[in-house]
Amino acid sequence: MALGLRCSRLVHPAFCNFLAALTRPVSEVTLKTVSGRQNDHGQYLAYPAVPIRHFATKKAKGSLDHITVVTADGKLALNQIGQISMKSPQLILVNMASFPECTAAAIKAIRESGMNLNPEVEETLIRVPIPKVTREHREMLAKLARQNTNKAKDSLRKVRTNAMNKLKKSKDKASEDTIRLIEKQISQMADDTVAELDRHLAVKTKELLG
C-alpha cells in the first residue's frame, strides 16, 4: 500500500493540477492559447487568454476583464491596469490613467482578443465600440470555440501521455495491480475532462447559433 501511495503521489500532483486548472470552471477554460509550464511541472499546462464564456454575442464590461495584456512587468489582466466601465450598451470604456504607459499594449490585446473588437483611443481613454452581431460573426465565434476546444484536448492528451510514461518508469516501485489502478484513474480523469469540455462547448454553440 505504501508503495502504491508513493507511486500515486509521483504521478498525480501535476496531472491533478492540470485538470483542476482546465476545469476551474470548464465554462471559463481558456481556449485561445495553451502554453506549457514545463519548469513547474512537466505534465501540466497553463493558459491565460480568452475564456470560452467570452465567445458570446452579448458583450458586457466583464467580457474584457481577463484579456491578457503584455506589459514591462509581465502579463496582466486588463482589469488590473485599467478601469473598465459601460458607457452604453454599444460602448465600453477602459480608463488607463493609472497606467498610461500600458495604453498601447492594452489596445493591442483588445484587438487580438478574438472578440471582433476595434478599440479607439483618446489619450489614456480607450473606447471599445460593440459591433453589431451578424449571423456570420456568430458562426465565426462558434468555429473559434470549437477549434480552441480541440487545442485544449490536444494539450490534455500530451499531459496524459507524459503521466503514463512517468508511471511506467515507476514500475519497480509498485506492484502491477497498483500501476494498473493508477493508469485507470489517469484515463478516467482525462476522459471526464474531455466530456466536460464537450458539454460546455455544446452549450456555448447552442447559445451562439440557436
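The structure presented is a predicted model; accordingly, all values stated were derived computationally and were not measured. Atoms considered below: every heavy atom in the structure, side chains included; atoms not considered: hydrogens, waters and symmetry mates.
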Report task. Could you grab the distance from atom CD of Glu207 to atom CG of Leu141, nearest 0.5 Å is fine? Result -> 10.0 Å

Report summary line: Closest non-hydrogen contact found for Met96 with Ala106 is CE-CB, 4.0 Å

Requested in this report: Any salt bridge (Lys or Arg N to Asp or Glu O under 4.0 Å) involving residues 94-111? Give me the pairs, sequence neighbours left out, ordered by first then second residue.
Outcome: Lys108-Glu112

**Report entry** Spacing of Thr68 atom OG1 and Leu78 atom CG [to the nearest 0.5 Å]
**Finding:** 9.5 Å

**Report entry** Nearest atoms (heavy-atom pairs only) where Thr178 meets Ser175
**Finding:** OG1-OG, 3.0 Å

Requested in this report: Only counting residues at least two apart or in another chain, list the ones meeting side chain to side chain donor-acceptor pair (under 3.5 Å) with Glu123.
Outcome: none

**Report entry** Pair Met140-Leu208, side-chain contact (heavy atoms from CB on, under 4.5 Å): steps then yes or no
**Finding:** CA-CA 10 Å; Met140 181 273 291; Leu208 290 168; over 6 Å; no

**Report entry** Any residue meeting side chain to side chain contact (heavy atoms under 4.5 Å, CB included) with Val121, in chain and number order, not counting sequence neighbours
**Finding:** Thr103, Ile107, Ile126

Requested in this report: Flag the pair Leu156 / Thr193 as yes when at least one side-chain heavy-atom distance between them is below 4.5 Å, and no otherwise.
Outcome: yes

Query - Set of residues satisfying side chain to side chain contact (heavy atoms under 4.5 Å, CB included) with respect to Arg199, sequence neighbours excluded - result: Glu196

Query raised in the report: Can you check whether Leu201 reaches Leu197 side chain to side chain, under 4.5 Å on heavy atoms?
Result: no

Query raised in the report: Stepwise, does the side-chain contact (heavy atoms from CB on, under 4.5 Å) test hold for Val70 with Leu76?
Result: CA-CA 7 Å; Val70 180; Leu76 299 171; over 6 Å; no

Query raised in the report: Which value, rounded to the nearest 0.5 Å, describes the distance between Leu167 atom CG and Lys173 atom NZ?
Result: 11.0 Å

Query raised in the report: Any sub-3.5 Å donor-acceptor pair from Thr149's side-chain atoms to Ala145's backbone N or O?
Result: yes

Query raised in the report: Taking only residues two or more places apart in sequence, or in another chain, which ones meet Ala105 in a side chain to side chain contact (heavy atoms under 4.5 Å, CB included)?
Result: Val69

Query raised in the report: side-chain contact (heavy atoms from CB on, under 4.5 Å) between Ser98 and Gln83: does it pass, once the steps are laid out?
Result: CA-CA 9 Å; Ser98 297; Gln83 182 179 357; over 6 Å; no

Query raised in the report: Looking at side-chain heavy atoms only, is the closest gap between Leu209 and Arg135 below 4.5 Å?
Result: yes

Query - Partners meeting side chain to side chain contact (heavy atoms under 4.5 Å, CB included) with Ala97 (sequence neighbours left out) - result: Asn95, Thr124

Query raised in the report: When rounded to the nearest 0.5 angstrom, what distance separates CD1 in Ile182 from NZ in Lys166?
Result: 12.0 Å

Query raised in the report: Given side chains that start at C-beta, do those of Gln90 and Pro129 come closer than 4.5 Å, heavy atoms only?
Result: no

Requested in this report: Check whether any side-chain heavy atom of Ser187 sits under 4.5 Å from a side-chain heavy atom of Arg160, and report yes or no.
Outcome: yes

Query raised in the report: Without hydrogens or angle criteria, can the side chains of Thr205 and Arg146 be said to hold a donor-acceptor pair below 3.5 Å?
Result: no

Requested in this report: Under 4.5 Å between side-chain heavy atoms, chaining through other members, with only Ile, Leu, Val, Met, Phe, Trp and Tyr counted: pull out the rest of the cluster around Leu125, sorted by chain and number.
Outcome: Leu91, Leu93

Report summary line: Those residues at least two apart in sequence (or on a different chain) that pass side chain to side chain donor-acceptor pair (under 3.5 Å) with Arg157 are Asp154

Report task. Measure across Leu117 and Pro119 and return the closest heavy-atom pair with its distance rounded to 0.1 Å. Result -> O-CD, 3.5 Å

Query - Pairs where residues 179-190 contributes a residue and the test salt bridge (Lys or Arg N to Asp or Glu O under 4.0 Å) is met, not counting sequence neighbours - result: Glu176-Arg180, Asp177-Arg180

Report summary line: Separation between CD1 (Ile186) and CE (Met189), nearest 0.5 Å, reads 7.5 Å

Query raised in the report: Looking at NZ of Lys153 and NZ of Lys158, how far apart are the two atoms once the value is rounded to the nearest 0.5 Å?
Result: 15.5 Å

Query - Set of side chain to side chain donor-acceptor pair (under 3.5 Å) partners for Asn79, sequence neighbours left out - result: none

Report summary line: Across all chains, not counting sequence neighbours, the salt bridge (charged side-chain N to carboxylate O under 4.0 Å, His left out) partners of Asp192 are none

Requested in this report: Find out if a path of hydrophobic residues (ILVMFWY) with successive side-chain heavy-atom gaps under 4.5 Å connects Val203 to Val194.
Outcome: no

Report summary line: Minimal heavy-atom distance between Cys102 and Thr71, with the atoms involved, is SG-CG2, 3.8 Å

